[in-house]
Amino acid sequence: MARWCRFQNKKTQEISFGKLSQDEKFVETISGDPFSTHTMTGASISVEEIELYYPSQPSKMIGLWNNYHALAQQQNNAIPSEPLYFIKSSNSFLNPQGIIKFPKTSTGPVGRVIYEGELGIVVGKTAKEISVEDAKNYILGYTCVNDVTALEILTKDESFKQWTRAKSYDTFGPFGPWIETDVSYEDLTVKTLINGRERQSYPCSDMIFNPYQILSYLSFDMTLYAGDVIACGTSLGTLPIKGGQIVEVNIEGIGKLTNTVQDI
């Protein structure tokens, strides 16, 4: 069992990986990273002396669309025959406690921006054309994701849905605060709170495609690399965010991802 985190030492500015203690008060440092050969250094550092970074360095973040029965039913969406997905670019990644910023386009503001609290799969090693049965062996663990989306940009052009653009603005991909290795997705509930008020609460057991099916399917489309993150999709309760709000994605058994929206 481990809670792997990536952090910067406030004093030395060094960025390292480590294992968070169960009481979340200190980090045991390692030499190397959790995705390859590593050793415990025997040293530890207080969480007050570090800044948590997003816990892996993905080559890509992949997001699922229409992957929960409850939301599909509410929106009258057909149940897909295979996972439907988009990609968020690496410039969107944001640390825990980082600030979500509303961008401007060349023609003006992006309009409404929404939160989407989600369970994130963290790939543990290179995966290519793997079976559903073997997929569990390629998952290092799970994390919290906020798939921030510029809703009006998505449908701005009637001839082309702009998934990549709407989801890849700087700061639109917060994830963390760490990677939990010892949880079962079926037991998890994703909750999203805005200024402490619960807005989303849905069980991961309601997924149309579970993490093993998702990982297997995607591995036939593209090579997945250690550290890549797959957001499993969201369910009921997404709403626009406003300047100054605090957004928390809380998955009991994993952790709480907290970000503030830039006050504008």
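Since the model is a prediction, treat every value here as computed from it, not as a measurement.
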A quick test of your reading: do over 12 heavy atoms of other residues, nucleotides or ligands sit less than 6.0 Å from NZ of Lys161? no

Can you measure from CD (Gln162) to CG (Leu154) and round to the nearest 0.5 angstrom? 8.0 Å

Consider only side-chain N and O atoms of Asp33 and Ser36, and report whether a donor and an acceptor are under 3.5 Å apart. yes

Looking at side-chain heavy atoms only, is the closest gap between Tyr185 and Cys232 below 4.5 Å? no

Nearest 0.5 angstrom please: Ser90 OG to Gln57 CD, how far? 10.5 Å

Could you tell me whether the side chain of Ile194 reaches within less than 4.5 Å of the side chain of Leu239, counting heavy atoms only? no

One should read off an interatomic distance between Glu116 CD and Trp65 CH2, to the nearest 0.5 angstrom, of 11.5 Å

Using modelled atom types and a 3.5 Å cut-off, is there a donor and acceptor pairing between side-chain atoms of Asp206 and backbone atoms of His69? yes

Point-to-point distance, once rounded to the nearest 0.5 Å, from CZ of Phe172 to NZ of Lys167: 10.0 Å

Over all atoms of both residues, closest heavy-atom pair of Cys144 and Ile254: SG-CG2, 4.0 Å

Between CG of Asn259 and CD1 of Ile99, what distance do you get to the nearest 0.5 Å? 9.5 Å

Please check this pair: side chain of Gln200 against backbone of Leu236, looking for a donor-acceptor N/O pair closer than 3.5 Å. yes

Under a 4.5 Å side-chain heavy-atom rule over Ile, Leu, Val, Met, Phe, Trp and Tyr, are Leu188 and Trp178 clustered together? no

Are the side chain of Asp182 and the backbone N or O of Gly253 linked by a donor-acceptor pair below 3.5 Å? no

Is there side-chain contact between Pro80 and Ile208, with heavy atoms separated by less than 4.5 Å? yes

In a check of side-chain contact (heavy atoms from CB on, under 4.5 Å) between Met61 and each of Val145, Ile230, Asp228, Ile87, which one passes? Val145

Does Ala78 offer a backbone N or O that forms a donor-acceptor pair with the side chain of Asn66 under 3.5 Å? yes

Check whether any side-chain N or O of Glu152 sits under 3.5 Å from a backbone N or O of Arg112 as a donor-acceptor pair, and report yes or no. yes

Judged by atom type as modelled, is there a donor-acceptor pair below 3.5 Å linking the side chain of Ser92 to the main-chain atoms of Ser168? no

Within-4.5 Å side-chain heavy-atom neighbours: Ser89 and Thr164: no

Leu151, Val113: one ILVMFWY side-chain cluster at the under-4.5 Å cut-off? no

When you look at CD of Glu186, are more than 12 heavy atoms from neighbouring residues, nucleotides or ligands closer to it than 6.0 Å? yes

Flag if over 12 foreign heavy atoms under 6.0 Å of OH, Tyr225: no

Are Tyr202 and Tyr68 close enough that their ring centres sit under 6.0 Å apart? yes

Could you check if a side-chain atom of Glu118 sits within less than 4.5 angstrom of a side-chain atom of Asn67, using non-hydrogen atoms only? no

Locate the shortest heavy-atom distance separating Ala2 from Thr181; write the atom from each residue and the value. N-OG1, 2.9 Å

Donor + acceptor pair across side chains of Glu248, Asn250 (<3.5 Å): no

Which heavy atom of Gly124 sits nearest to which heavy atom of Ala226, and what is that distance? O-CB, 3.6 Å

In this structure, would Val47 and Trp4 fall into the same cluster of hydrophobic residues linked by side-chain contacts under 4.5 Å? no

Run the side chain to side chain contact (heavy atoms under 4.5 Å, CB included) check on Val261 and Phe102 step by step: do they pass? CA-CA 8 Å; Val261 184; Phe102 289 180; 3.6 Å; yes

Any side-chain heavy atom of Ile121 sitting closer than 4.5 Å to one from Tyr142? yes

Using a 4.5 Å cut-off on heavy atoms from C-beta on, say whether the side chain of Ile130 contacts that of Asn137. no

Counting only heavy atoms not in Lys101, do more than 12 fall under 6.0 Å of its NZ? no

More than 12 foreign heavy atoms under 6.0 Å from NZ of Lys25: is that the case here? no

Donor-acceptor contact below 3.5 Å, side chain Ser219 vs main chain Glu129: yes

Check the pair Thr192, Thr234 against side chain to side chain contact (heavy atoms under 4.5 Å, CB included), reporting the backbone distance first and the verdict last. CA-CA 10 Å; Thr192 307; Thr234 199; over 6 Å; no

Please find the pair of heavy atoms, one from Pro211 and one from Ile139, that lie closest to each other, and give the distance. CB-CD1, 4.3 Å

Check whether Ser184 reaches the backbone of Asp187 with its side chain - one donor and one acceptor, N or O, closer than 3.5 Å. no

Tell me, with the steps shown, if Lys156 and Thr107 meet side chain to side chain contact (heavy atoms under 4.5 Å, CB included). CA-CA 12 Å; Lys156 184 177 181 180; Thr107 55; 3.3 Å; yes

So if you build clusters from Ile, Leu, Val, Met, Phe, Trp, Tyr with side-chain heavy-atom gaps below 4.5 Å, do Phe35 and Met40 land together? yes

Cluster overlap Phe175 with Leu94, hydrophobic side-chain contacts below 4.5 Å: no

For the CD atom of Gln213 and the CG atom of Leu215, what is their distance to the nearest 0.5 Å? 11.0 Å

Look only at the side chain of Thr143 and the backbone of Gly176, and say whether a donor-acceptor pair between them is shorter than 3.5 Å. yes

Would you say Val229 and Phe93 make side-chain contact, with heavy atoms under 4.5 Å? no

May I ask you to decide if Gln13's main-chain N or O and Gln8's side chain share a donor-acceptor pair within less than 3.5 Å? yes

Would you please test Gln262 and Thr171 for side chain to side chain contact (heavy atoms under 4.5 Å, CB included) and show each step? CA-CA 10 Å; Gln262 185 179 44; Thr171 77; over 6 Å; no

Is the shortest distance from a Lys or Arg side-chain nitrogen in Glu28 or Lys19 to a carboxylate oxygen in the other one below 4.0 Å? no

I'd like to know if Arg3 pairs up with Glu180 as an ion pair, taking the criterion as any Lys NZ or Arg NE/NH1/NH2 lying under 4.0 Å from an Asp or Glu carboxylate oxygen. yes

Nearest heavy-atom neighbours spanning Ser31 and Thr41: N-CG2, 3.7 Å

For a quick test of reading the model, state the closest non-hydrogen atom pair linking Tyr169 to Thr105 and the distance between them. OH-CG2, 3.6 Å

Answer yes when Asp147 and Lys88 have at least one side-chain N-carboxylate O distance shorter than 4.0 Å, and no when they do not. yes

